[in-house]
Protein chains: 2
Amino acid sequence: MARAAASKTRTRIQREKTELILTAALEVFATYGYRGSTIDQIAGQAGLSKPNLLYYFDNKDAIHSRLLERLLETWLAPLHALDENGEPITEILAYVTRKLEMARDFPRESRLFANEILQGAPRILDQIAGPLKTLVDEKALIIRGWSQQNQIAPVDPYHLIFSIWSTTQHYADFDTQVSVVLGPRAATRFDDAARHLTDMFTKLLRP
Amino acid sequence: MARAAASKTRTRIQREKTELILTAALEVFATYGYRGSTIDQIAGQAGLSKPNLLYYFDNKDAIHSRLLERLLETWLAPLHALDENGEPITEILAYVTRKLEMARDFPRESRLFANEILQGAPRILDQIAGPLKTLVDEKALIIRGWSQQNQIAPVDPYHLIFSIWSTTQHYADFDTQVSVVLGPRAATRFDDAARHLTDMFTKLLRP
DNA sequence: TCACCCTTTGACCTGTTGGTCAAACCAGCA
DNA sequence: TGCTGGTTTGACCAACAGGTCAAAGGGTGA
């Protein structure tokens with residue numbers, strides 16, 4: 001077992017190198033998926049030798065797992081923030097906006113997640129079936145309540161959430177395609193997307 | 001070079017085995033991506049030995065390339081069918097429906113495509129920048145025309161198309177997540193999605 | 001039926017990948 | 001300044017992956 005992993009990170013160097021490795025690994029895993037990525041690639045990206053990297057993490061899987069742990073928190077935060085007591089349409093539009101900002105600011109996290117789900121979520125199925133599903137169920141109930149009180153148009157809350165996830169994450173996961181198709185217009189893709197999605201979900205939800 | 005690849009497929013066995021291999025490879029590549037898949041895996045899935053598989057295809061890349069070639073045709077067909085002379089909203093909703101049916105009936109093709117784009121589209125960038133972009137530009141022009149003639153509400157045609165792609169393909173690419181989150185409701189996910197998306201795009205486009 | 005060519009396979013080769021280890025190296029504190 | 005324990009590395013290993021090849025096995029038309 002790697003020395004540094006035997007106990008909680010304590011020295012300055014350990015903190016720095018661990019972070020360095022995770023950043024490099026995020027880049028690599030997000031692009032090639034777990035099986036498509038190699039330790040050498042990650043080490044190279046981090047500017048370390050392979051044995052040096054393995055001094056900080058027990059093995060390839062440990063790096064990946066650590067990334068996924070962190071990911072879920074970040075990932076669920078925006079939905080968590082959806083407030084039952086806020087103005088319904090404002091709340092949902094704010095959620096859309098936050099998700100789109102995450103696609104813009106954390107595209108690698110989005111791709112890491114996409115890769116994992118595409119492969120059948122072998123390593124995070126528990127988290128999907130547990131915390132994620134719980135949170136979605138909870139928020140779906142709130143949205144259904146808003147529907148029933150006629151504060152928003154009648155809508156299937158689950159498929160609404162899927163629509164928000166898919167449309168926003170598309171700008172991270174399929175950025176290659178989006179940018180090529182848009183050509184020069186790609187420069188303003190996130191602003192244009194914000195306008196488009198705000199418009200779309202407003203029209204969908206207005207009672 | 002593989003014997004069978006030297007000339008156009010001619011014998012019965014060649015036709016059958018080639019098809020068998022491509023089907024197996026689609027399954028494997030769609031799940032693990034190019035680098036994450038092995039020839040042994042594909043051979044195993046097809047019930048063949050590795051050398052036997054390599055008798056029909058020169059190498060791993062040849063199998064993958066063949067799949068991608070076929071994919072683009074299938075992939076662009078529904079958009080191609082969008083008819084300038086049809087009733088605008090009907091045409092676009094029909095496109096949404098067709099795309100959703102493809103997500104339901106050809107999820108592996110969708111995932112293969114998603115995997116390729118996620119990795120930066122190294123092997124189909126030309127096709128994206130060429131035929132795909134050309135087709136999208138052409139159809140975007142039609143949609144813009146409909147907008148300007150007030151047959152549909154003003155909308156950014158490119159981002160409309162992205163929304164259609166993302167929402168429909170989500171049900172193929174993220175099926176693991178969708179099914180887990182929906183739980184027992186998952187049984188009717190495609191019908192529910194059809195209703196939801198029809199509703200959403202109708203409201204978006206109605207002038 | 002038999003020859004011919006298509007098909008299949010076991011053995012093998014080479015490069016890659018995940019991972020180990022002992023030894024060298026270095027940072028910081030007594 | 002000299003320990004001491006954290007850090008780094010080159011060399012190495014076993015398993016795996018892509019791909020080759022010669023030889024054996026079959027299907028089918030003459």
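So you know, we letter chains A, B, ... as the sequences are listed, proteins then strands, and number each from 1. All heavy atoms count here, side chains included; hydrogens, waters and symmetry mates do not.
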Would you mind telling me which of [options] lies closest to the side-chain atoms of [X]?
X	options	answer
B:Y56	D:dT9, C:dG18, C:dT7	C:dT7
B:L54	C:dT8, C:dG18, D:dG19	D:dG19
A:P51	D:dT8, D:dG19, D:dG10	D:dG10

[X] has an atom [atom1]; how far is it from atom [atom2] of [N], in whole Å?
X	N	atom1	atom2	value
A:K60	C:dG18	NZ	P	4 Å
A:K50	C:dC21	NZ	P	14 Å
B:L20	C:dT8	CG	C1'	14 Å
A:D40	D:dT9	CG	P	13 Å
B:Q41	D:dA17	CD	P	8 Å
B:N52	D:dT20	CG	P	15 Å
A:F57	C:dT20	CZ	C1'	19 Å

Given [N], is OP1 or OP2 found less than 4.0 Å from the side-chain N or O atoms of [X]?
X	N	result
A:Y55	D:dT8	no
A:Q14	D:dT7	yes
A:K17	D:dT8	yes
A:S49	D:dT8	no

Next item on the list: Could you check whether the rings of A:H196 and B:H159 sit parallel, tilted or perpendicular, using 30° and 60° as the cut-offs?
Entry: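 Answer is tilted, since the angle falls between 30° and 60°.
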Checklist line | Those residues of residues 24-38 of chain A lying under 4.0 Å from DNA chain C by at least one heavy atom | finding: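 Of all residues in residues 24-38 of chain A, the ones placing a heavy atom under 4.0 Å from DNA chain C are A:S37, A:T38.
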Notebook entry, point to check: Does the pair A:D191/A:R195 count as a salt bridge with the N-to-O cut at 4.0 Å?
Noted result: no
